[in-house]
2 protein chains.
Amino acid sequence: MTPYVLVVEDEDALATLLHYNLEKEGYRVSLAADGEEALTQIDEQLPDLIVLDWMLPKVSGIEVCRRLRGRAETRNVPIIMLTARGEETDRIRGLDTGADDYIVKPFSMIELTARIRAVLRRIRPGLAEDRTRQGDLTIDRVSHRVKREGREIHLGPTEFRLLDYFMQHPGRVFSREQLLDAVWGSDVYVEARTVDVHVGRLRKALNLDTEIDPIRTVRSAGYALDVDS
Amino acid sequence: MTPYVLVVEDEDALATLLHYNLEKEGYRVSLAADGEEALTQIDEQLPDLIVLDWMLPKVSGIEVCRRLRGRAETRNVPIIMLTARGEETDRIRGLDTGADDYIVKPFSMIELTARIRAVLRRIRPGLAEDRTRQGDLTIDRVSHRVKREGREIHLGPTEFRLLDYFMQHPGRVFSREQLLDAVWGSDVYVEARTVDVHVGRLRKALNLDTEIDPIRTVRSAGYALDVDS
DNA sequence: CAGCACTGTAAAAAAACTGTCACAATAATG
DNA sequence: CATTATTGTGACAGTTTTTTTACAGTGCTG
């Protein structure tokens with residue numbers, strides 16, 4: 001059974017983005033726009049994990065969190081908090097809230113899915129994938145290692161996240177803008193052409209030994225990871 | 001058969017943390033949020049060891065302890081008490097309670113698992129691992145000795161616990177925060193950068209003879225212990 | 001109480017990584 | 001084949017992150 005994730009977020013654009021991306025990640029996703037709605041939905045069907053915005057209309061995120069922790073049947077549902085930078089971070093860090101993890105906006109999809117995987121792994125080991133293989137490429141998110149044909153490959157943080165994203169959606173073409181959103185974060189501003197440079201760096205690292213380039217350039221569209229399978 | 005540990009703890013965050021870590025340690029783990037629930041669960045299946053919070057709602061830890069000691073079938077189940085600093089420590093120290101050991105919060109995971117191993121060793125010798133080998137590194141938790149390629153290596157207490165933790169999860173990357181939680185203790189407040197210094201000290205001690213550094217730095221993520229396997 | 005071993009912090013030094021740009025190379029188009 | 005649009009690349013300056021070093025404080029031991 002695929003994990004069921006409830007996203008509680010009032011800002012519409014972000015909610016849609018999360019819905020879209022988590023669904024693509026293979027989760028069943030449901031949205032709630034405020035705390036009240038969230039609680040109703042949770043009563044209807046118990047999620048496997050909740051992504052919860054800190055600031056919410058009607059019933060605040062922290063209040064939702066407390067209420068869930070107070071009830072036996074929801075006590076063990078993992079919660080990941082979404083907070084803006086500097087927003088009472090210390091308090092969350094201390095986990096007084098009872099949240100299992102938190103993530104500071106702006107965040108990249110890669111980062112969020114990594115957290116979700118980590119939390120789900122605690123609850124339902126075996127559900128969350130730690131390692132992905134595509135052709136001769138292997139990426140291990142726990143040990144942070146990338147291998148090609150068994151050879152270890154060193155990547156910088158950005159190249160690692162970039163490859164991670166590609167590996168999760170093999171064959172699919174992404175525009176520079178999509179990659180920026182997914183890998184850099186939804187409201188980070190960097191030049192679109194920067195993606196080219198990082199793709200270049202990723203290629204260089206990947207193809208030190210081989211001459212077959214797993215990354216395909218799609219002119220006037222973007223890039224994709226190809227693997228003959 | 002892997003040992004079955006019952007954790008009785010009302011504070012949710014700590015309970016989750018314990019559950020997660022002990023499970024990873026290879027134990028079968030069950031949680032109870034108060035004394036009543038604990039007693040019910042114990043009736044259902046007799047644990048090999050109980051980790052019991054001193055302060056509990058409904059039936060207090062000490063009461064649970066007394067009742068277990070009063071019944072023949074539970075008399076010999078080892079109990080490790082969890083107490084806050086200064087919390088009637090003397091009385092526990094005297095072991096009037098019948099607990100086999102106690103540990104004062106905040107404690108590190110390393111510390112707790114060491115106690116659990118020690119107690120289990122008394123009951124079921126051979127079950128608890130005293131020694132771990134990874135590549136050319138050996139750590140012996142009973143004699144508190146570390147060797148590399150047979151050469152004895154002296155480590156300070158913190159470096160020892162740090163290496164211990166790494167050895168228990170080889171290859172895996174830990175953030176500074178995770179290491180602080182696991183090695184220093186869940187609510188000790190020290191600067192995250194301090195981890196760097198101790199990793200540095202550990203490296204220095206480990207690499208006196210060799211030039212191969214078993215500790216890998218993962219930029220913007222943390223550290224991992226690597227062993228060619 | 002002096003000496004020693006160990007801690008945590010802070011600050012300096014080193015290393016790794018980023019984002020941009022300018023220009024080169026390549027592909028598409030008519 | 002010349003032109004235009006798009007992508008690749010090397011250099012670089014700036015930033016972030018890690019490593020190293022120094023130091024002051026603590027607690028233990030003889």
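Side chains are part of it too, since the values below use all heavy atoms of this structure and drop only hydrogens, waters and symmetry mates. Per chain, numbering begins at 1; letters A, B, ... match sequence-line order.
Under the rule for a side chain to side chain contact (heavy atoms under 4.5 Å, CB included), the partners of A/Ala15 that lie at least two apart in sequence or sit in another chain are A/Glu9, A/Leu31.
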Which atom pairs, donor and acceptor, lie under 3.5 Å between side-chain atoms of residues 154-162 of chain B and protein residues at least two apart or in another chain?
from: B/Glu159; atom 1: OE2; to: B/His198; atom 2: ND1; distance (Å): 2.4
from: B/Arg161; atom 1: NE; to: B/Val183; atom 2: O; distance (Å): 3.1
from: B/Arg161; atom 1: NH2; to: B/Val183; atom 2: O; distance (Å): 3.4

Please list every donor-acceptor pair under 3.5 Å in which a side-chain atom of residues 210-218 of chain A meets a protein atom from a residue at least two apart or in another chain.
from: A/Asp213; atom 1: OD1; to: A/Asn207; atom 2: ND2; distance (Å): 3.4
from: A/Asp213; atom 1: OD1; to: A/Ile215; atom 2: N; distance (Å): 3.0
from: A/Asp213; atom 1: OD2; to: A/Arg203; atom 2: NE; distance (Å): 2.7
from: A/Arg216; atom 1: NE; to: A/Asp226; atom 2: OD1; distance (Å): 3.4
from: A/Arg216; atom 1: NE; to: A/Asp226; atom 2: OD2; distance (Å): 2.5
from: A/Arg216; atom 1: NH2; to: A/Gly171; atom 2: O; distance (Å): 3.4
from: A/Arg216; atom 1: NH2; to: A/Asp226; atom 2: OD1; distance (Å): 3.2
from: A/Thr217; atom 1: OG1; to: A/Arg203; atom 2: NH2; distance (Å): 2.6

Scan the side chains in residues 106-113 of chain A for donor-acceptor partners under 3.5 Å anywhere in the protein, sequence neighbours excluded, and list what turns up.
from: A/Ser108; atom 1: OG; to: A/Glu111; atom 2: N; distance (Å): 3.1
from: A/Thr113; atom 1: OG1; to: A/Met109; atom 2: O; distance (Å): 3.0
from: A/Thr113; atom 1: OG1; to: A/Ile110; atom 2: O; distance (Å): 3.0

What does the B/S/- profile of nucleotides 18-30 of chain D look like, 5' to 3', with a 4.0 Å heavy-atom cutoff to protein? BB-----------
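Closest-nucleotide positions on DNA chain C for B/Thr194 and A/Tyr189 were compared, and the one nearer the 5' end corresponds to B/Thr194.
You can see that DNA chain C meets the heavy atoms of chain B within a 4.0 Å-exclusive cut from C/dC6 to C/dC17, reading 5' to 3'.
Remark: the A/Glu25 side chain and the A/Asn21 side chain contain no N/O donor-acceptor pair separated by less than 3.5 Å.
Heavy-atom minimum distance, A/Ile153 versus A/Ala205: CG2-O, 3.9 Å. In this structure, B/Ala192 and B/Leu180 approach most closely via the heavy-atom pair CA-CD1, 3.9 Å.
A/Phe174 and A/His169 have perpendicular rings, their planes meeting at more than 60° on a 0 to 90° scale where under 30° would count as parallel.
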